[in-house]
Engineer: 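Below you will find the structure I want to go over with you.
Chain naming here is simple, since letters A, B, ... match the order of the sequence lines and numbering starts at 1 in each. Excluded from the calculations below are hydrogen atoms, water molecules and symmetry mates; all remaining heavy atoms, backbone and side chain alike, are included. Given the structure is predicted, the values throughout are model-derived calculations rather than measurements.
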Amino acid sequence: MVSISPFKEFRDECETALRDAMKKTYPHISFPHITLDFPPNPEFGELSSSMCFELAKQTAEKPREMADKIAKVIDIPQFPLTQSVEAAGGGYINFHVNLAEFFRLTLESARTLDTEYGYVRADKSRKIVVEHTSVNPVHPIHIGQARNPVLGDAIARILKARGHTVFRHYYIDDVGRQSAVIAYGYEKLGKPKFEEKPDHFIGVIYTITSCIMEVYRLKKAMEQATEENSELQQQLDDWMSVADDLKNKFPKLFTQLLDEINKDEDSESKVNNLIRGYESVDEKAKQLIREVCQLCMEGFKETLNRAKIFYDSWDWESDIVWSGDVVQILDKLKATPYVFQLGDILEFDADKVAKGLNLKQKLGLTENYELPSLTLVRADGTTLYTTRDIAYSLWKFQKAERIINVIGMEQTLSQMQLKLALYALGYAKQAENLIHFAYNLVRLPGYRMSGRRGRYITLDEVLNEAVKRAYDEVCKRSPHLSEEEKRRISNFVGIGAVKYALVEVDQSKPVVFTWDRVLDFEKNSAPYIQYSHARACSILKKASREPTEPDYSLLATPLERNIVLTLARFPEVFVDAAESLRPNAIADFVNALADNFNKFYNALPVIKAEPPELSDARLALVDAARMVFRNSLNLLGIEAPERM
RNA sequence: GGGCGGGUAGCCUAGCCAGGAUAGGGCACGAGCCUCCUAAGCUCGGGGUCGUGGGUUCAAAUCCCACCCCGCCCGCCA
């Protein structure tokens, strides 16, 4: 017999047993749902119910008396996976699994399903767009942003394994002010050719240009201020110190850009002209901005490919604008009662939608919280990011029935406004299927990373350092390997370590970046898990035989029990991770498996175990563990190596 | 001021949605383990007011209320 979810078979047995027993012993008591938990201690079995504590209220009995009665009437032979049932403690009902049967079911299921084991298909396969990364092409991807592609890629992989058709989209935000600033700087430098990685060079130009312009703007504002303004002064001081940094780091570029920008009477309006020109398909602006963005994107692709993160679609924001979709959506919005003119600008009344359609509770908002309105169109007629995102979202909904936007939690409000705009337009179904997967920031100790200020550690640097550190480790541990093999291993170890560190923590928690954290090659890290997988492979390779005559009743140690329970639960963990969008649940799970496996590895022989039936049973166990390591790591986009 | 998210040993973290038996791990620290399938490993040890105070409950890290601390958002930025 093969099960797609072995532990669930046992769980279902326990549930059926409890229902049957309740019918026999307490036919008149109603019990809406049966809860089964993992007991804290192996002596309490593998599943346990505390339902008697609750139900005892309806009888006059003590919970323990009820538990005794219920346990007594359960007909064990009817349940092949169940070894015994007993009442315990103050009123628990503990179920002990029939281990030999359970080993057989779990190991044979894994063996049969192999690359599919654990990947429980959803009842209904959906088309899902996962939009992730979408880093603006104005500076290299930094480690703060890198949490996005790693999480997004894992989510896409998990949903695909769940049986959905997943499209991974990258939204290239080339329409806003930032792209215009970098394009402006790039042109001022005479569209230089450069040797280094394009996104890195563009990041420098962007930061310097943006900084010079910011200093100008603030100085001007100070001059115009009638009285002393300490806030402005503070901002100016801040940017002046950024300018000093940049001048020291890039003296030639800085001076050159400063000179060129000085030649313009009003750099601000030049940039604004670019923004306007780009939106209205001015050929020169179009050519210039596309060129810069394209260059930067080449750099991104190089980095992301290296991290084994791929996309199905690269969506240019400008295409959405130029196609007329944005204007069309604006017209439709104007026809609703939720848009109003405020001076020269057009506003969207998000609160009115929430109130009018009675959505506040549904959106998790308190009734008296007033949602801020959203500016749709600037006084100069250009649109804003979220406005364009409305059109983009509807465009995505042409491809899929559900959209998951992997976007930082600082954009919660605008994502909410976006959703409300869909409601306002009458797309309630789409609005409900628009999911903001919000993740918390990655910070450097002491300060937040800032692209504009050039304060960041790039993903490239982190990957390089990780691979380098991994290389040193490989040389230390496996000096006999060929140079090529060492390089190959250090590559997947280093990159795996970085990805694992970013996916391991619950997405709602902030992560403070330290090298220590990311370059951890010990327990609770990708290398630790990869190593465990490699160990399993190594045993199987050395054994070089199939487990033809396993006797699962010989697997009697707690170490073996723990492994099989973990393996059997993988499908349930997977389903939860997929349904709740919690990739870190997979990371947690596979790390726990590695713990169990390494303890087993250390304590018990496999190949040399006697009798051969025990050796075969252990081989089957190791093989199943190998598959679950591999299948778990696949979900996280981390390589499962056969040796390292 | 309002909204959202977070607060679990020196540091990091799981468990919280669906309340149950002794709050799991990891790092760091101390003591051990390679004639034996890979020591990126294993064994043992100390280390906890689960932010604070109330409430609900037979039972609260978990649910409710209030408060405190940290972060983010409330822009004609994205």
Engineer: Look at the side chain of A:D174 and the backbone N and O of A:S318, then say whether any donor-acceptor pair between them is shorter than 3.5 Å.
Structural biologist: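 Answer holds: yes.
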Engineer: Which whole-number value in Å describes the distance from A:D588 CG to B:rC16 C1'?
Structural biologist: 14 Å
Engineer: Output the single nucleotide from B:rA21, B:rU57, B:rC37 whose closest atom is nearest the side chain of A:K57.
Structural biologist: B:rU57
Engineer: Starting at the 5' end of RNA chain B, which residue's closest nucleotide do you reach first, A:F53 or A:E347?
Structural biologist: A:F53
Engineer: Given that A:S49 and A:M644 both sit by RNA chain B, which one's nearest nucleotide is further toward the 5' end?
Structural biologist: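 Taking each residue's closest nucleotide, the earlier one in sequence belongs to A:S49.
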Engineer: If you only use heavy atoms from C-beta on, which nucleotide in B:rA14, B:rG20, B:rG71 is closest to the side chain of A:Y92?
Structural biologist: B:rG20
Engineer: Just to be sure I understand the rule, does A:L384 reach a base, reach only the sugar-phosphate, or reach nothing, if contact means heavy atoms closer than 4.0 Å?
Structural biologist: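 A:L384: backbone/sugar contact only, no base atoms under 4.0 Å.
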Engineer: Less than 6.0 angstrom from the centroid, inside 45 degrees of the normal: does A:R535 satisfy that with respect to the ring of A:Y601?
Structural biologist: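 Judged by the rule, A:R535 and A:Y601 form a cation-pi pair.
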Engineer: Would A:F589 and A:F570 count as a ring-ring contact (aromatic ring centres under 6.0 Å, His included) here? Give the steps.
Structural biologist: CA-CA 8 Å; A:F589 166 84; A:F570 178 49; 5.1 Å; yes
Engineer: Among B:rU43, B:rC74, B:rC77, which nucleotide has an atom closest to any side-chain atom of A:P372?
Structural biologist: B:rC74
Engineer: Suppose we screen for side-chain contact (heavy atoms from CB on, under 4.5 Å). Which residues come up paired with A:K486, at least two apart in sequence or across chains?
Structural biologist: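 Only A:Y471, A:V474, A:C475, A:L481, A:E483 meet the side-chain contact (heavy atoms from CB on, under 4.5 Å) criterion with A:K486.
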Engineer: Dot-bracket, RNA chain B: Watson-Crick or G-U, under 3.5 angstrom, [ ] crossing, | other strand?
Structural biologist: (((((((..((((......[...)))).(((((.......))))).....(((((..]....))))))))))))....
Engineer: Considering all heavy atoms of both residues, which atom of A:I390 and which atom of A:A421 are nearest to each other, and what is their separation?
Structural biologist: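 Taking every non-hydrogen atom into account, CD1-CB, 3.6 Å.
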Engineer: Write out a two-atom table: protein N or O, nucleotide N or O from nucleotides 4-8 of chain B, distance below 3.5 Å.
Structural biologist:
| residue | atom | partner | partner atom | Å |
| --- | --- | --- | --- | --- |
| B:rG5 | O2' | A:S508 | O | 3.2 |
| B:rG7 | OP1 | A:K509 | NZ | 2.5 |

Engineer: What does A:L604 touch in the nucleic acid at a heavy-atom separation under 4.0 angstrom: a base, only the sugar-phosphate, or nothing?
Structural biologist: base
